Amino acid sequence: MTSAPVALTIAGSEATGGAGAQADLRTFQANHVFGAVALTCIVSFDPKADWGHRFVPVDAQVISDQLEAITAAYDEDQLSVTKIGMLGTPTTIATVAGALQQRPFRQVVLDPVLICKGQEPGAALDTDTALKAQVLPLATFVTPNHFEAESLSGLEIHTVEDLTAAAVRIHEISGAAVLAKGGIRLPGADAVDVFYDGQTTELLTAPKVGEVAVAGAGCTLAAAVTARLALGDSPLEAARAAKAFVTAGIVDRLQSQAPFDVVRQQAV
Ligand code: PXL
């Protein structure tokens, strides 16, 4: 019998398995961390409509019930790190923010999934505003992609210098360690991400693997950070390990009948 570290993901289901809670759990497992899930929503792509997102939120009470069960089963030593992925509605955001205020976590890793395709633009704006106001202040580690970094910082990002300025700004707003992802969006041969925690700025680079984004990369990166923090890494060590982990999974991507490849997590 062991009492191994447990990590929690508060995330949506993406039915084909490429992103969301499914990618998070595979990432935890590949990093030797036991995973728990509080499911926030269910996304079913629509193959009849260009693989757009069909989105159904989980009832707020059911989200609370899941979090109650998880935090009763695992105390603050055993479960000290949580990841937050797609929340999707202002109601879900309020529910999750309330739960995080009641039960302390040593680390809260926020993948600030801002827009869910398939939602009304109006609803998405409410969701963005609520996420920034209620969840960002609770985060200790944030992993915005190019679009999310522009939205959270209010800066335009065309270069690595811009991405660094955005990471600094997001740290100032949130107090969190920031891993701002340029990915394939910035020009150049490398996929560059910027780590900034108020003291250290470090560029994490890897050669780009093609010029087309792979689904599940954002979820996998943030989940790998979460797993490494649960194992005791510092935020910078976790960021470096997560970058290597997601790069390996992109190289070994899974193809399917869907119009995008997905990250395939490799055991570490
Ligand atoms: O990659 C963002 C993301 C997160 N969570 C869920 C998703 C997606 C994208 O499809 O479906 C549940």
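Positions are given from 1, in the same order as the sequence printed here. Atoms within a ligand are numbered from 1 in the order they appear, just like the ligands themselves. Since this is a predicted model, take the numbers as computed values, not measurements.
Between F141 and L179, some side-chain heavy-atom pair lies under the 4.5 Å cut-off. Using a 4.5 Å heavy-atom cutoff, the side chains of L136 and P112 are not in contact.
Judged by the shortest distance from any of its heavy atoms, G85 lies outside the 4.0 Å radius around the atoms of ligand 1. Note on ligand 1: G218 sits outside its first shell, no heavy atom being nearer than 4.0 Å.
Between the side chains of R169 and S153, no donor-acceptor pair of N or O atoms lies under 3.5 Å. A donor-acceptor contact under 3.5 angstrom links the side chains of Q22 and S13, judged on distance only.
Judged by distance alone, with hydrogens and angles left aside, the side-chain atoms of D252 form no donor-acceptor pair with the main-chain N or O of A248 at under 3.5 Å. A distance-only check finds a donor-acceptor pair linking the side chain of N145 to the backbone of F147 [under 3.5 Å].
Atoms of ligand 1 found under 4.0 Å from any heavy atom of H53 (numbered from 1 in listed order, with element): 9 (C), 10 (O). Atoms of ligand 1 found under 4.0 Å from any heavy atom of G12, numbered from 1 in the order shown, are 12 (C). Near C219, with a cut-off below 4.0 Å to any heavy atom, the atoms of ligand 1 are 1 (O), 4 (C).
By heavy-atom distance, the residue among Q22, M86, E14 lying nearest atom 8 (C) of ligand 1 is M86.
Contacts with ligand 1 closer than 4.0 Å are made by no heavy atom of A215, backbone or side chain.
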